[in-house]
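Protein chains get the first letters and strands the later ones, always in sequence-line order, with residue 1 at the start of each.
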There are 2 protein chains.
Amino acid sequence: MVVDTKTPESADLIFHALSDATRRDILLRCLEGEYSVSTLASYYPMSFAAVQKHVAVLEKAHLVTKRRRGREQMVRGDVVVAIEQTLAVLEQFETMWRSRLDRMGQILRETTTQGGVP
Amino acid sequence: MVVDTKTPESADLIFHALSDATRRDILLRCLEGEYSVSTLASYYPMSFAAVQKHVAVLEKAHLVTKRRRGREQMVRGDVVVAIEQTLAVLEQFETMWRSRLDRMGQILRETTTQGGVP
DNA sequence: CGTATCTACAACCATATGGTTGTATGTTAT
DNA sequence: ATAACATACAACCATATGGTTGTAGATACG
């Protein structure tokens with residue numbers, strides 16, 4: 001069975017957004033409180049435009065939202081939906097992982113019971 | 001305060017590895033059981049070499065390991081450490097998120113004790 | 001009004017990514 | 001030994017990424 005490929009999966013966007021340390025840091029800050037883009041930019045050793053782009057990536061993944069406040073654009077974390085999806089994916093992995101552990105345990109139990117395969 | 005930047009964070013590697021649907025699918029399969037690279041390749045509409053590269057990305061993130069079995073290279077999921085790190089990062093986000101919710105709840109409680117907008 | 005600030009966006013650059021094909025190396029089976 | 005299979009790896013290509021600078025549009029302030 002072939003994998004999806006047609007949809008630009010939202011999981012793709014979320015994981016990609018989280019794959020950069022600067023973006024993770026921005027997200028953490030914006031979960032803590034609201035920050036204007038220029039304020040955020042002041043925290044990192046890169047240009048305003050670069051930070052702007054990072055915010056855009058987070059926005060596309062629906063991890064943050066922006067709202068105008070006067071001449072500034074306030075960024076805030078909006079994780080409730082997104083992180084849930086991410087956790088759902090990870091849980092999928094965990095389920096697989098656990099089921100394999102279970103099977104290994106099963107095999108171990110069988111082999112240690114020696115000869116007596118139920 | 002400036003973000004890390006010096007370390008090629010393992011979180012970077014993990015999130016990046018998970019940001020591609022094909023790789024997530026490969027990981028799921030390899031958590032379920034062992035597959036040779038060529039067997040894996042047969043599942044996806046792309047060349048053997050492409051799948052090989054995807055496996056390499058997963059390997060670099062320590063999400064899978066390979067072991068030789070005859071002329072094949074068997075790939076298996078090795079998530080125990082990696083996913084824990086990923087979950088740790090997400091928990092960080094969740095903590096921030098919750099603490100903000102708490103503060104919002106606090107504010108709501110304060111304001112509703114007053115005028116009382118239902 | 002004019003000016004300073006914050007933002008948006010385009011153009012550009014170097015490097016990384018995701019894909020291809022081709023070739024070389026190992027391992028099994030005949 | 002030879003053929004067949006599984007893998008590794010290099011070279012190449014198009015596009016995406018992460019960064020830069022520069023310019024133009026809004027909005028606040030004196």
>> Are A:Leu31 and A:Val37 linked, directly or through intermediate hydrophobic residues, by side-chain heavy-atom contacts shorter than 4.5 Å (ILVMFWY only)?
In response: yes
> Please give, in whole Å, the distance from D:dA4 C1' to B:Glu72 CD?
Replying inline: 14 Å
> Out of curiosity, does B:Met74 fall in the hydrophobic cluster containing B:Val57 (side-chain heavy atoms, cut-off under 4.5 Å, transitive links)?
Replying inline: no
> Can you tell me how far C1' of C:dT27 sits from CE of B:Met74, to the nearest Å?
Replying inline: 15 Å
>> Please say yes or no: joined through hydrophobic side-chain contacts below 4.5 Å, possibly via intermediate residues, are B:Leu28 and B:Val55 part of one cluster?
In response: yes
> Separation of B:Gln73 atom CD from D:dC5 atom C1', in whole Å?
Replying inline: 14 Å
> Under a 4.5 Å side-chain heavy-atom rule over Ile, Leu, Val, Met, Phe, Trp and Tyr, are A:Phe48 and A:Val75 clustered together?
Replying inline: yes
> Counting just side-chain N and O atoms, does A:Lys66 come under 4.0 Å of either OP1 or OP2 of C:dT7?
Replying inline: no
> Does the side chain of B:Asp25 pick up a donor-acceptor pair with the side chain of B:Tyr43 at under 3.5 Å?
Replying inline: no
> Does one hydrophobic cluster hold both B:Leu18 and B:Val51, with members joined at side-chain heavy-atom distances below 4.5 Å?
Replying inline: yes
> A:Gln52 has an atom CD; how far is it from atom C1' of C:dC6, in whole Å?
Replying inline: 9 Å
> Say you draw a straight line from CZ of A:Arg23 to NE2 of A:His16; how long is it, rounded to the nearest 0.5 Å?
Replying inline: 4.5 Å
>> One character per nucleotide, please: for nucleotides 13-30 of chain D, 5' to 3', B when the base has a protein heavy atom closer than 4.0 Å, S when only the sugar-phosphate does, - otherwise.
In response: -----SBBB-----SS--
> Axis-to-axis angle across the helix from C:dC1-D:dG30 to C:dT30-D:dA1, five pairs an end, to 10 degrees?
Replying inline: 20°
> Would you say A:Phe93 and B:Leu63 make side-chain contact, with heavy atoms under 4.5 Å?
Replying inline: no
